[in-house]
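Side-chain atoms are counted along with the backbone in the values below, which use heavy atoms only and exclude waters and symmetry mates. Numbers here are sequence positions counted from 1.
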Amino acid sequence: MAIAATPDGGGYWVASSTGGVYPFGDAHSYGSMSGTVLNAPVVGMAATPSGQGYWLVASDGGVFSYGDASFFGSTGGMHLNAPLVGMAATPSGNGYWLVASDGGVFSYGDATFHGSTGSIRLNEPVVGMAVTPSGNGYWLVASDGGVFSYGDATFHGSTGSIRLNEPIDGMAPGPGGGGYWLVATDGGLFNFGSAAFDGSATGDISPLLVNQLASTGGAQQVLIVDAPSPDSTTATLTAYENDGAGWYQVFGAMPAVDGANGWLAGPSRTEGDDTTPEGMYAVGSTMYGTNADPGTQFPYHQLVCGDWWDEDSASPTYNTFQHVACGTTPPYANESEALWTEGNAYPSMAVIDYNSPPTGPLGSGIFLHADTGSPTAGCVSLPLNDLDAVLDWLNPALRPVVVMGPDSVIRSF
């Protein structure tokens, strides 16, 4: 899709990838490629200064002119290194620029070439361009929000160093050429220079779940385990990090398994009830596993004979890691886990700091561990590859937390 506004801002045209043109407001139709078989999809559009014509450009550089828009040339017969992604008209309407995804710029009519990124190795492809009011310069923008200025176009900033929730999709010049706006595919808007922020479309799009939480407790990394209902034994785990510019999702959603008896509020649980505790909890200071350290940033202890998790609520070391001499049976053994024997579940794992330090027999040994193919006794499990990716990402300096529970209550934590 492509869009162009009328000169007075009272309307606009929308062009489809098949070349159909749809006018709105005071925009009028001057023709389209609708019904014509195109060699390549339409990717850009520009209006003439009078608003009585427009151009369409296809990804192969074919240009189609309508109304008082004159044809000045195209790349339709050229071999392009990268497909075209957009176009912009000169202020006089007697020329235009075409821009490719590698940042190559092609000028026609009275459009002057001021430079390009065609010879630069880009981190992300160019997705759009905007022209200064004089026509003596232009900006290019890449999908990571990197901005490149040429001619009398001044650099006012970019999102190139910001982790975006969604990629940048286009840009527009601000008043007098003293700034510009960048827009992302989720409707997020970023303003620079004299371009004012007047709102964005992100309010109409479901925000990240982490942004819907009542609190993140100052954490910069959050794991959210969201179950569809209180009695569900399956859930979805998503991971988020805040880099100072805002939250972004780190991995794709991961399938998780939880307690055999579903979920209960943390203070309502009892030891051995096979429910997973709802709430927000820190990640334990040490990670464990029968396998060697998969690459974690936390201190990691490879489990050996004699390593236990004390799950005897009457024990003075209840809900803590304990080591005894190999072959020794500790007094809490009947109610506890011999961790080194649980390689199927604990090849690697993180401790979820529930009931720690203990405030009663509310449950113990709540871990993030490997999926065994069955509901858990209260832990959260993931496929091993997903688990190791999460454990390696977690950074103690960023104070990670786990927020978990059924969807009906998870936003309240």
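The backbone N or O of V304 sits less than 3.5 Å from a side-chain atom of D307, completing a donor-acceptor pair. A distance-only check finds a donor-acceptor pair linking the side chain of R269 to the backbone of T275 [under 3.5 Å]. Judged by distance alone, with hydrogens and angles left aside, the side-chain atoms of D273 form a donor-acceptor pair with the main-chain N or O of T270 at under 3.5 Å. One N or O on the side chain of N355 and one on the backbone of T359 form a donor-acceptor pair closer than 3.5 Å. Distance alone, capped at 3.5 Å, places no donor-acceptor pair between the N191 side chain and the W181 backbone. In this structure, Y96 contributes its side chain and G93 its backbone to no donor-acceptor pair below 3.5 Å. Formation of a donor-acceptor pair under 3.5 Å by the T238 side chain with backbone atoms of A253 is not found in this model. Judged purely by atom type and a 3.5 angstrom limit, D226 has no side-chain atom pairing as donor or acceptor with the backbone of A235. The closest donor-acceptor contact from the side chain of D293 to the backbone of T296 lies under 3.5 Å. Panel note: side chain S17, backbone V42; no donor-acceptor pair is recorded below 3.5 Å.
Counting all heavy atoms, side chain and backbone alike, Y300 lies closest to N291 at OH-O, 2.8 Å. In this structure, V380 and A256 approach most closely via the heavy-atom pair CG1-CB, 4.1 Å. The minimum heavy-atom distance between S313 and P361, with the atom names listed, is CB-CB, 3.6 Å. Across G259 and P375, no two heavy atoms sit closer than the pair C-CB, 4.3 Å. Taking each heavy atom of V131 and A88 in turn, the nearest pair found is CG2-CB, 3.4 Å. Residues A47 and A89 approach most closely at O-CB, 4.0 Å, considering heavy atoms.
Inter-residue side-chain proximity for V21 and V14 is flagged as unmet; no heavy-atom pair is nearer than 4.5 Å. I366 places a side-chain heavy atom less than 4.5 Å from the side chain of P277. Looking at D407 and P228, their side chains never come closer than 4.5 Å, going by heavy atoms from C-beta outward. At a threshold of 4.5 Å between non-hydrogen side-chain atoms, the residues F192 and L182 count as touching. At a threshold of 4.5 Å between non-hydrogen side-chain atoms, the residues V222 and W247 count as touching. Within the 4.5 Å cutoff, side-chain heavy atoms of T36 are placed close to those of M33. Side-chain atoms of M254 and T236, non-hydrogen and from C-beta on, never get closer than 4.5 Å to each other. Side-chain contact between L223 and V403 is absent, with no heavy-atom pair separated by less than 4.5 Å.
Between H156 and W139, the ring planes are tilted. Angles from 30° to 60° get that label. Using bins of under 30°, 30° to 60° and over 60° for the plane-to-plane angle, the ring pair Y30/W13 lands in the tilted bin. Ring planes of F72 and W55: tilted class, angle from 30 to 60°. Using bins of under 30°, 30° to 60° and over 60° for the plane-to-plane angle, the ring pair F367/W309 lands in the perpendicular bin.
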Note to self: Assess the residue pair R399 and Q220 against the criterion (side chain to side chain contact (heavy atoms under 4.5 Å, CB included)); give the C-alpha distance rounded to whole Å, side-chain angles, the decisive distance to 0.1 Å, and a yes or no.
What the structure shows: CA-CA 6 Å; R399 304 180 302 280; Q220 291 177 267; 4.0 Å; yes
Notebook entry, point to check: Checking side chain to side chain donor-acceptor pair (under 3.5 Å) for the pair Y346/E337: CA distance, chi angles, key distance, verdict?
Noted result: CA-CA 11 Å; Y346 304 148; E337 286 189 272; 2.7 Å; yes
Note to self: As a quick check of understanding, evaluate side chain to side chain contact (heavy atoms under 4.5 Å, CB included) for F251 and V390, giving each step before the final call.
What the structure shows: CA-CA 9 Å; F251 308 108; V390 169; 4.1 Å; yes
Checklist line | Candidate pair I410 and I224, rule side chain to side chain contact (heavy atoms under 4.5 Å, CB included), full reasoning | finding: CA-CA 9 Å; I410 201 164; I224 299 181; 3.5 Å; yes
Next item on the list: For side chain to side chain contact (heavy atoms under 4.5 Å, CB included), just list the numbers for Y180 and F155, CA-CA rounded to whole Å, side-chain angles, deciding distance to a tenth of an Å, and then say yes or no.
Entry: CA-CA 9 Å; Y180 40 75; F155 178 79; 3.8 Å; yes
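Judged by distance alone, the side chains of S356 and Y354 never bring a donor and an acceptor atom under 3.5 Å apart. Under the 3.5 Å distance criterion, with hydrogens and angles disregarded, a donor-acceptor pair is assigned to the side chains of D310 and S315. Checking T132 against D152 by side-chain atom types alone, a donor-acceptor pair falls below 3.5 Å. Side chains of T6 and D26: a donor on one and an acceptor on the other come within 3.5 Å. Under 3.5 Å, the side chains of T372 and S374 contain no donor-acceptor pair of N or O atoms. Judged by distance alone, the side chains of Q302 and Y288 never bring a donor and an acceptor atom under 3.5 Å apart. A donor and an acceptor atom, one from each side chain of S364 and E271, are located under 3.5 Å apart. Under the 3.5 Å distance criterion, with hydrogens and angles disregarded, no donor-acceptor pair is assigned to the side chains of Q297 and W393.
Residues passing the side chain to side chain donor-acceptor pair (under 3.5 Å) test with D258 are W263, sequence neighbours excluded.
N39 CG: 12 or fewer foreign heavy atoms inside a 6.0 Å radius. Around the CG atom of D68, the shell of radius 6.0 Å holds more than 12 heavy atoms that belong to other residues, nucleotides or ligands.
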Enumerate donor-acceptor pairs with a distance under 3.5 Å from any side-chain N or O in residues 98-108 to protein atoms, sequence neighbours excluded.
{"residue": "D102", "atom": "OD1", "partner": "G104", "partner atom": "N", "Å": "2.9"}
{"residue": "Y108", "atom": "OH", "partner": "S74", "partner atom": "O", "Å": "3.2"}

